[in-house]
Amino acid sequence: MKKLLLGNEAVARGLYEAGVTFISSYPGTPSTEITECAAAYDEMYAEWAPNEKVALEAALGASVAGARSFAAMKHVGLNVAADPLFTAAYTGVNGGLVVCVADDPAMHSSQNEQDSRHYARAAKLPMLEPSDSGECRDFTRLAYEISEAFDTPVLLRTCTRVAHAQSLVELKAREERPLREYKKDPAKYVMNPGYGFRRHGVVEARLKALAEYSESSPLNFEEMGDAAVGFVCAGSVYEYVREAFPNASVFKVGMSFPMPIEKLRAFAAKVERLYVVEELDGVMETELRAAGIRVDGGKDRFGCIGELSQKKIEAAMGEKMPETETFDEPVPPRPPVMCAGCPHRGVFFTLNKLKLTVLGDIGCYTLGASEPLSAIDTTVCMGASVSMLHGFLKTRPENAGKTVAVIGDSTFLHSGVTGLINIAYNRSVSTVLILDNSITGMTGHQQNPATGFTLKMEAVPPVSLEKLCEAVGIRRVRVVDPGDLKALETALREETAADEPSVIICRKPCMLLKYVKPKKPLAVDEDKCRGCRGCMRLGCPALRFEGGKARIDATQCVGCSLCAQLCAFGAIGEGENA
C-alpha cells in the first residue's frame, strides 16, 4: 500500500515500522510534525520535553534501558542538545537511538542558517540525508540498523523542503522489537575521565568502521549519464539537480558522514568536470578537496546563503532557463504579522509607548520588532532575553527602570528559568515579562509543562509560573491582563521603578486556541472618527485607513477592544461595520 506523506509524516512512519517505543522532542519548525504524527501511533510513547537537551537525554536513557528511541529538533535545538550529543557518541547505545535534526535554509522560521552537518563531524556521529518522503521512511528504518550495528547514535538530517514536501511512501508492517537486556557497565556509560578516555578510542575505531560501511552502503550511489559533467549532491539538492540536468551524471550522497571518499574518487575519474552542489556550507566540497579529489566548482558557483533551486543551479552553471508561465499581476507580499486579537500586541504597544529598551526572545512575540510596534531591541536564541537583561543592566546600571526582557511561557520553561535564577542570585534590578498565551504558539499550538496537558492530551498538574518565579528568589511577581492597556502600563511603571528584581506575567490565551471564543467584531462610527490614525499604531491586520477614516474588517476582528481603548473620541464600538 502506498500513501502520499509529508517528509515529517514519513519519518514518523519509519519510527513506527522500525519498532521504536520511546520518543521525546521539543517542537521546532520544520521538525514539529514528526513527533505529532508519531503520537498518533499507540504502540509508541511520545512526549514534549521542556527543551531539546532534556529530550535527547530522555531518549538516551530509554536507549540505555534497551528501547529503540528517538528525539527530533530543529537545527538551533541541536545546539541546546549538543552537551549530551557529544558524550552519547562516547557511551554509544543499547537500543538504537536516532536524532533527527531539521535544518532551515533561507530561515523560513529561524534565527540563523546553521548547517548541522558540522555536528556530525564534530561529534563523530554518522549522518543520513533523505531526499524525499520515501527516503525519509527508508532512512529512518535503516538508521536504527546502523545505530545498533555500530553502537552509536545516528543523526538524520532533513530540511524545510524535505520535511514539508509530499511524495509517495510504501507502507509496511511494524517490526516489534523486544527490549534489549540492560547490563550494568560503568566502563561504557560512566563518562568520568578514566572511562571516557578509553571510550574515545572506541569512537575512533567505530568511525573507521563507519567509513568502510559508507563505501559499500547503498545509501551512496552514482547515476551515470553524460560524462561531460558530474554532480555530487545530497538531500533536497539531489532532486533539484536531477530536474535541472536530467542527462548529467550524478553521485547521490545519502550518508553524508562519513562520506564514501573512494567511491567519490572513482566517480570523479569518470567525468570531465565535477561540481559539488550543496546548500549552505561547503562541507562535502571541503571533504573532497582534502582527499585530493578534483573539484571544478562548488561554493564559488552556488554560494553559501539561502536555499538552492532548479533555476538557481541552472543559472550558476550558465544554462539558459526554459520559459515558464508568468502571471500578469505580481503576487502581493505577505510579511508575517501578529494575528488580530493577539495577546502580545498590547504588550509591545505599551513597551513602545514607554520607550523602554526591550531584550526579546524566540516566539510569535518576535514580531514585536516590526513596524509600527517597533518595540524589540534584540533577539538571539531561546532564553537569551532574560540572561542578556542581567548582563545589560550589570554593565549599564543607569538603565535600570528603562530596560526589560520579554519571553513566552514555553520559552521560559525551555531555557528562561536559569536566566531568572541568575538575576535573583546576582541581584540585578531587572523586570522580566513572561508573555503567557497558554500554549506553545509559534510552532502550531503544542502543549508545554504550564498548560496542564501532555502531547497525548493527558491532564497533568500544570507548572505555576508564579510559584516558580517566587521559588527561585523573585519576591515581586504580578499577573496582568495584557488586553487591559491601562492596567498593563501601571504594572510596567511600578515594576520598573522597583529597586529589586520583578516579574510581570502577561496572561491571556492565544486567540487561535479552539476554546477561545472571539467577541463580536467592533465597528467605527464615521461621524465620530477624526482620522487621527491613533488606532493604526497597533498594526492590527483587522484595521485599515480609507477615505480619511479608520475601518475595521469584521471578518478578522475578534473584539479584543485594544483599538477602542486607544480612540480618544469614542469612535470605536459595537455597531455596523464599514
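We number each residue from 1, following the sequence as shown.
For Glu279 (side chain) and Pro105 (main-chain N/O), no donor-acceptor pair under 3.5 Å exists by modelled atom type. At distances below 3.5 Å, at least one donor-acceptor pair connects side-chain atoms of Asn112 with backbone N or O atoms of Gln114. A donor-acceptor pair is defined here as one N or O able to donate and one able to accept, closer than 3.5 Å; no such pair exists between the side chain of Ser410 and the backbone of Asn448. Not a single donor-acceptor pair under 3.5 Å links the side chain of Arg206 to the backbone N or O of Gly201. Between the Lys299 side chain and the Gly282 main chain, no donor and acceptor come within less than 3.5 Å of each other. A distance-only check finds a donor-acceptor pair linking the side chain of Thr454 to the backbone of Glu458 [under 3.5 Å]. Here the side chain of Ser133 pairs a donor or acceptor atom with the backbone of Gly7 at under 3.5 angstrom. In this structure a side-chain-to-backbone donor-acceptor pair under 3.5 Å is present from Asn94 to Glu181. In terms of modelled atom types and a separation under 3.5 Å, the side chain of Asn220 and the main chain of Pro260 share no donor-acceptor contact. Using a distance-only test at 3.5 Å, with no hydrogens or angles considered, a donor-acceptor pair links the side chain of Ser147 to the main chain of Thr152.
Residue Lys456 holds its NZ atom at 13.0 Å from CD of Glu36, rounded to the nearest 0.5 Å.
The nearest pair of heavy atoms linking Pro153 to Gly92 is CD-CA, 4.4 Å. The shortest heavy-atom contact between Thr440 and Tyr26 is CG2-OH, 4.4 Å. Between Asp104 and Ser109, the shortest heavy-atom distance links the atoms OD2-N, 2.8 Å. Contact record, Trp48 with Pro27: CE3-CD, 3.3 Å, taken as the closest heavy-atom pair. Across Met338 and Gly368, no two heavy atoms sit closer than the pair CE-N, 3.4 Å. When all heavy atoms of Ala106 and Glu307 are compared, the pair lying nearest together is CB-CG, 3.6 Å.
Around atom CZ of Arg121, no more than 12 heavy atoms belonging to other residues, nucleotides or ligands sit under 6.0 Å away. Heavy atoms from other residues, nucleotides or ligands lying under 6.0 Å from CD of Gln166 number more than 12.
Ion pairing between a basic and an acidic side chain is recognised when a charged N comes within 4.0 Å of a carboxylate O; Asp103 and Arg161 show no such pairing. Comment: Glu212 does not engage Lys208 in a salt bridge, judged by the lack of any side-chain N to carboxylate O separation of less than 4.0 angstrom. Under 4.0 Å is where a charged nitrogen must lie from a carboxylate oxygen, and between Glu176 and Arg174 at least one such pair does. The pair Lys124-Glu204 meets the salt-bridge criterion, with a side-chain N (NZ, NE, NH1 or NH2) lying under 4.0 Å from an Asp/Glu carboxylate O. Salt bridge Arg117/Asp115: present, at least one basic N to carboxylate O contact under 4.0 Å. A salt bridge does not link Asp151 to Arg180: none of the charged side-chain nitrogens sits closer than 4.0 Å to a carboxylate oxygen. Taking the charged nitrogens against the carboxylate oxygens, Glu262 and Arg265 do have a contact shorter than 4.0 Å, which makes a salt bridge. Using a 4.0 Å cut-off between charged nitrogen and carboxylate oxygen, Glu170 and Lys3 do not count as a salt-bridge pair. Between Lys74 and Glu52 there is no salt bridge, since none of the side-chain N atoms of the basic residue sits less than 4.0 Å from a carboxylate O of the acidic one.
A perpendicular orientation is assigned to the rings of Tyr238 and Phe221, their planes being inclined by more than 60° (bins at 30° and 60°).
Among the candidates Ile439, Val460, Leu455, the single residue satisfying the side-chain contact (heavy atoms from CB on, under 4.5 Å) test with Gln447 is Ile439.
Under the salt bridge (Lys or Arg N to Asp or Glu O under 4.0 Å) criterion, Arg507 pairs with Asp436, Glu466, sequence neighbours left out. Applying the ring-ring contact (aromatic ring centres under 6.0 Å, His included) criterion to Tyr16, with sequence neighbours excluded, gives Tyr41.
No side-chain heavy atom of Val99 sits less than 4.5 Å from a side-chain heavy atom of Val154. Side-chain contact between Ile34 and Leu15 is present, with heavy atoms from C-beta onward closer than 4.5 Å. The closest side-chain heavy-atom distance from Ile23 to Tyr45 is not below 4.5 Å.
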Go through it in stages, so that I can follow the logic: the residues are Arg157 and Glu278, the test is salt bridge (Lys or Arg N to Asp or Glu O under 4.0 Å), and I'd like the CA-CA distance, side-chain angles, deciding distance and then a yes or no.
CA-CA 13 Å; Arg157 180 185 185 238; Glu278 52 191 325; over 6 Å; no
Evaluate the salt bridge (Lys or Arg N to Asp or Glu O under 4.0 Å) criterion for residues Lys263 and Glu215: first the C-alpha distance (whole Å), next the side-chain angles of each, then the deciding distance (0.1 Å), finally the verdict.
CA-CA 6 Å; Lys263 256 188 175 180; Glu215 294 290 347; over 6 Å; no
Tell me, with the steps shown, if Thr366 and Asp361 meet side chain to side chain contact (heavy atoms under 4.5 Å, CB included).
CA-CA 6 Å; Thr366 305; Asp361 225 290; over 6 Å; no
Take Lys252 and Glu135 through the test salt bridge (Lys or Arg N to Asp or Glu O under 4.0 Å) and record every step on the way to the result.
CA-CA 12 Å; Lys252 183 182 186 301; Glu135 288 191 348; 3.0 Å; yes
Run the side-chain hydrogen bond (donor to acceptor under 3.5 Å, both in side chains) check on Gln446 and Thr443 step by step: do they pass?
CA-CA 7 Å; Gln446 290 77 35; Thr443 48; 2.4 Å; yes
Please report the C-alpha distance between Tyr365 and Ser385 in whole Å, then the side-chain angles of each, then the deciding distance to 0.1 Å, and finally whether the side-chain hydrogen bond (donor to acceptor under 3.5 Å, both in side chains) criterion is met.
CA-CA 12 Å; Tyr365 40 87; Ser385 61; over 6 Å; no
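Annotation: Phe231 is in aromatic contact with Phe245 [ring centroid separation under 6.0 Å]. Ring-centre distance between Tyr213 and Phe150: below the 6.0 Å cut-off.
Side-chain atoms of Ser131 and Glu239 form no donor-acceptor pair, as typed in the model, at a separation below 3.5 Å.
Sorted by first and then second residue, the pairs that involve residues 4-14 and meet side-chain hydrogen bond (donor to acceptor under 3.5 Å, both in side chains), not counting sequence neighbours, are Asn8-Glu33, Arg13-Glu17.
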